[in-house]
2 protein chains.
Amino acid sequence: MADTLPTSRVGTPDIYQDLRQRLTMGGFAPGQKLLPGPLKDEYGCSANTIREVLLRLSAAGLAQYEDQRGFRAQAASAQRKSDLTKFRILLEQEGATASIRRGGIEWEAQLTAAHHKLSHIEAEIDRRGMEPPVVRLWCTAEWEFHDALGAACGSPFLRQTFRAIFDQFRQQHVTEAGKYGFATGNVAEHRRIVDAALDRDEAACRAQIHAHLERNLLPDS
Amino acid sequence: MADTLPTSRVGTPDIYQDLRQRLTMGGFAPGQKLLPGPLKDEYGCSANTIREVLLRLSAAGLAQYEDQRGFRAQAASAQRKSDLTKFRILLEQEGATASIRRGGIEWEAQLTAAHHKLSHIEAEIDRRGMEPPVVRLWCTAEWEFHDALGAACGSPFLRQTFRAIFDQFRQQHVTEAGKYGFATGNVAEHRRIVDAALDRDEAACRAQIHAHLERNLLPDS
DNA sequence: TTGCAAGGAAATTTCAAAATTATCCGCATT
DNA sequence: AATGCGGATAATTTTGAAATTTCCTTGCAA
């Protein structure tokens with residue numbers, strides 16, 4: 001007969017994705033404990049399933065795991081953010097320059113499309129401020145833009161590492177003053193990155209990526 | 001009273017480390033299934049504990065995980081190896097140049113020590129061939145050398161990513177003709193890398209790192 | 001002989017509970 | 001008053017088994 005249970009019952013992808021989003025969008029305070037007990041009730045599953053999800057999230061760097069001491073949301077610190085930024089700049093520059101060398105017309109199209117979508121949403125935010133429904137749109141749009149930059153780099157490893165770093169980078173920002181890492185200068189900076197990329201100017205593209213992110217670096221670096 | 005069980009019984013770090021070593025040193029064929037059933041008997045624990053370890057290993061890239069289809073040792077392919085090499089060259093070059101800029105006398109000492117140890121072992125291998133007990137020594141010595149190169153880069157993220165890539169890189173090589181990624185030219189190449197690093201010559205160091213690894217790249221790259 | 005379907009065996013995934021371990025709080029001692 | 005020791009409580013980790021899914025084999029029909 002037809003199943004009476006509304007639960008999806010296919011692996012644990014829903015729980016993983018939901019917790020990942022909560023971790024990267026401020027659902028938990030930086031050092032907060034992630035208790036399997038309450039979470040299992042919330043998601044209507046066993047503590048072991050929660051544990052499995054948290055284990056994968058800690059492998060992705062979004063949570064911390066200490067043996068016999070459970071899970072915590074990743075801690076936030078200026079040093080961590082700076083290191084994250086430094087590494088992100090490196091990966092994004094490499095991905096962009098490789099894409100400039102290897103990418104064709106379809107890459108340009110994808111990049112232009114992603115930038116168009118992003119700038120539209122950012123204009124909306126400039127007008128009406130950051131409201132929760134728009135913020136989620138902005139998050140995916142900004143990811144898609146920065147992902148499109150390196151989409152033609154030809155290295156799956158570079159891209160998957162960049163994705164992991166990007167998520168952690170955002171996680172560090174979400175905790176700050178509810179700004180979600182959005183600044184008013186972003187619109188112009190994104191445009192300058194796209195222009196340099198479409199001009200196939202590797203050096204300029206590198207410089208613009210650095211300029212876009214350098215405000216997150218500590219002075220010493 | 002004193003425990004009668006000889007098992008360590010503290011978390012699962014032993015199982016993780018042991019399986020990690022087996023995966024990076026040829027204990028499993030490339031696409032081989034990693035069955036929780038036999039493994040739980042071998043390690044004397046439950047299938048769920050094995051599952052937890054395999055989950056972490058797949059997050060580290062050493063195993064594959066497909067939903068509802070279990071775990072496999074990571075597959076080997078020329079393309080994967082090439083991409084891995086490309087990314088490793090990038091990370092190792094960045095780590096080395098940053099260390100050259102930031103490292104002090106203690107970094108030089110650590111690097112020299114690691115190289116001395118490695119070259120001693122490699123000389124031993126040149127004389128007596130590659131026997132199992134020596135191979136394990138060589139693996140840790142080669143890791144310690146390449147790790148020492150970037151030890152002063154100041155970026156924990158760069159180093160931990162490099163470690164993950166290095167493991168997967170070795171995993172791709174172990175499956176080939178029992179060579180474990182060792183070639184007779186290595187001794188000289190390692191020396192040239194050290195010399196360039198101690199000379200604080202960033203460009204030369206980059207070039208030597210590339211020369212050391214380029215034989216693993218596919219022509220197109 | 002080939003293709004397909006159904007049945008059965010094996011493996012994976014989830015669950016609930018037991019066992020182990022850490023954390024917290026009160027009490028005695030210094 | 002501060003420190004160290006025990007016991008109670010809570011959380012984590014492991015376990016063994018049930019439920020679900022996949023894979024393989026066998027039989028049937030075209």
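As the structure is a computational prediction, the values presented were derived from the model and not from experiment. Convention: sequence-line order gives letters A, B, ...; per-chain numbering from 1.
Between the CG atom of B:D41 and the P atom of C:dA11 there is a distance of 11 Å, rounded to whole Å. Taking atom NZ on A:K40 and atom P on C:dA16, their separation rounds to 7 Å, with Å as the unit. Spacing between atom CD1 of B:I15 and atom P of D:dT13 amounts to 14 Å, rounded to whole angstrom units. Rounded to a whole Å, the CG atom of B:L39 is 18 Å from the P atom of C:dA10. Look at CG on A:L55: it is 15 Å from C1' on C:dT13, rounded to the nearest Å. In this structure, B:I50 places its CD1 atom 13 Å from P of D:dG16, rounding to the nearest Å. If you take CG of B:N48 and C1' of C:dA11, they are 14 Å apart, rounded to a whole angstrom.
Rounding to the nearest 0.5 Å gives a distance of 9.5 Å between CG of B:L137 and NE2 of B:H120. Summarising the geometry, atom CD belonging to A:Q171 is positioned 10.5 Å from atom CZ belonging to A:F28; distances are rounded to the nearest 0.5 Å.
Residues B:H190 and B:H115 place their aromatic rings such that the two centres sit no closer than 6.0 Å.
Between B:F162 and B:F166, the ring planes lie tilted relative to each other; the angle falls in the 30° to 60° range. The aromatic rings of B:F169 and B:H173 lie tilted to each other, with the angle between the two planes from 30° to 60°.
The side chain of A:T49 places no N or O atom within less than 4.0 Å of a non-bridging phosphate oxygen (OP1 or OP2) of C:dT13.
A:H212 places a side-chain heavy atom less than 4.5 Å from the side chain of A:N186.
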Write down the protein N/O and nucleotide N/O pairs, taken from nucleotides 8-12 of chain D, whose separation is under 3.5 Å; answer none if there are no such pairs.
none

Practice task
Apply side chain to side chain donor-acceptor pair (under 3.5 Å) to the pair B:R80 and B:Q168, showing each step before the final yes or no.
Solution key: CA-CA 10 Å; B:R80 180 179 174 84; B:Q168 294 181 66; 2.8 Å; yes

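Using modelled atom types and a 3.5 Å distance limit, the side chains of A:H146 and A:E92 yield a donor-acceptor pair. For the 3.5 Å distance criterion, the side chains of A:D18 and A:Y43 qualify, holding a donor opposite an acceptor.
Rounded to 10 degrees, the angle between the two end axes of the helix from C:dT1-D:dA30 to C:dT30-D:dA1 is 20°, with five pairs used at each end.
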